[in-house]
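Below is one structure, written out as structure tokens; the observations come after it.
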Amino acid sequence: MFERIDYYAGDPILGLMEKYSADNNPNKVNLGIGIYYDENGVLPVLDCVKTAEARIADPIAPRPYLPMAGLPGHRKGCQELLFGKDSQILQDGLVATIATIGGSGALKVGAEFIHEWFPQSKCYVSDPTWGNHIAIFEGSDVEVGKYPYYDKANSSIKFDEMIAFFETLNKNDVILLHPCCHNPTGLDLTQAQWDTVLNVIKARELIPFMDIAYQGFGEDMDSDAYAIRKAVEMGLPLFVSNSFSKNLSLYGERVGGLSVVCLTVDEAERVFGQLNAMVRRIYSSPPSHGGHVVDIVMNDEALHEQWVGEVYAMRDRIKAMRLKLKSVLEAKIPNRNFDYITRQNGMFSFTGLTPEQVERLQSEYGIYMVSNSRMCVAGLNTSNIDYVANAMADVLKD
Ligand code: PMP
């Protein structure tokens, strides 16, 4: 009966994680999946999260279903982080926000919404992008196209080509954008470039869909949200999906949010209702534990401040690893330019290694990165960085 079911080859990034776990090399290093490990190579539990969990655990409370849209404090936490605490559109009730099952859940509900209410719209993603963007939108029967982004030859962004491409799109086409810490390239637009992009979006009446999974890992909480806040200032309708997986180190709790900025209160109420309806028919309501953690940390002033400090400590450790990696590689291969390593933001570095070089790192050194050459810099620490840098230099030189 099921013999005709297609075989699933597995997710390339999650599959890499399994391969890494099975590797017996004592020096193995996991730079594949986008997870932040601390200086000791351990997945951290943030102190602000420990405090929130202690509060949740005492007294142990009953677990009713949450509302379809999640906890009000979780939703408010998303809104204030994305749009700013004193944002006028929040005071005016123009933003429909639901708590979601991670950033992926936000993308899924957003994709379903686009499919149902903008059935003619195509969704354009950067070339390259996080692979699941394509899978999620196509899985909701939204046609996906790619816009020019990464310039391999110069380790930079094909900005002019990208703008020229946007100029060819149709009204209500969706453009999926990464406001900060682009995955996988680590290359972000400048504020002036964002202004240009948003002007084209406005002129051509395109729909921006901003997916922010690394807020706080680029420059700071506010600068990382520049594109979102500028779009709001320009009066654009806007979708924002956000994830707390990385910046609260709550990967497995699956916490995120989907916000839709509307032009009137009536629109915001309609959109909010439809988002609830969508959640009801996909998974009914979100899980509660992570939602309570988000609620507590985002809405308690002292914990929030502690949280921001903890995110910046993660950000700074990654930046230090970038500097170190660059300096070892420059010393080993002086005639090659490694500036791109420190020009890139967030967890990832697109190293430009060929698939063969990536494969050699894996088989000869036990160093795992994604075959498109994406390295998770947050997997480096002072104990493994020399090993990794030397191995990279070896495969680059041969
Ligand atoms: N968007 C981007 C760009 C991501 O990198 C990720 C996580 N890798 C997500 C969304 C999804 O986040 P989550 O794990 O919270 O579903």
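Along the sequence shown, residues are numbered consecutively beginning with 1. Worth saying up front: this structure is predicted, and the values here are computed from it rather than measured. When reading the values below, keep in mind they use all heavy atoms of this one structure, side chains included, and skip hydrogens, waters and symmetry mates. As the structure lists them, so they are numbered: ligands from 1, and atoms in each ligand from 1.
- Residue V144 is grouped with residue F118 when hydrophobic side chains (ILVMFWY) are merged at heavy-atom distances under 4.5 angstrom, including chains of intermediate members.
- Ring pair F348/Y214: centre-to-centre distance below 6.0 Å.
- Short contacts between ligand 1 and G103, defined as distances under 4.0 Å to a heavy atom of the residue, involve ligand atoms 12 (O), 13 (P), 15 (O), 16 (O).
- Nearest protein neighbour of atom 8 (N) of ligand 1, counting heavy atoms only, is K246 NZ, 3.2 Å.
- Annotation: atom 16 (O) of ligand 1 to nearest protein heavy atom, S104 OG, 2.6 Å.
- Using 4.0 Å as the threshold, Y251 has no heavy atom nearer than that to any atom of ligand 1.
- Shortest contact from atom 12 (O) of ligand 1 to any protein heavy atom: S243 OG, 3.6 Å.
- There is no side-chain donor-acceptor pair under 3.5 Å between Y365 and N390.
- Looking at L107 next to ligand 1, no N or O pair under 3.5 Å apart turns up.
- No donor-acceptor distance shorter than 3.5 angstrom exists from the side chain of D394 to the backbone of L361, with no hydrogens or angles considered.
- In Y214, the part holding a heavy atom less than 4.0 Å from any atom of ligand 1 is the side chain.
- Formation of a donor-acceptor pair under 3.5 Å by the S243 side chain with backbone atoms of A213 is not found in this model.
- Taking the six-membered ring for Trp and the full ring otherwise, the centers of F165 and Y124 sit less than 6.0 Å from each other.
- In terms of polar-atom proximity, defined here as any N/O pair under 3.5 Å, H178 makes no such contact with ligand 1.
- Ranked by closest heavy atom to atom 14 (O) of ligand 1, the top entry among S245, A106, A213 is S245.
- Closest heavy-atom approach to atom 3 (C) of ligand 1 among the candidates N242, D211, L248: D211.
- For Y149 and H182, the gap between ring centers is short of 6.0 Å.
- Ligand 1 is never approached by H182 to a heavy-atom distance shorter than 4.0 Å.
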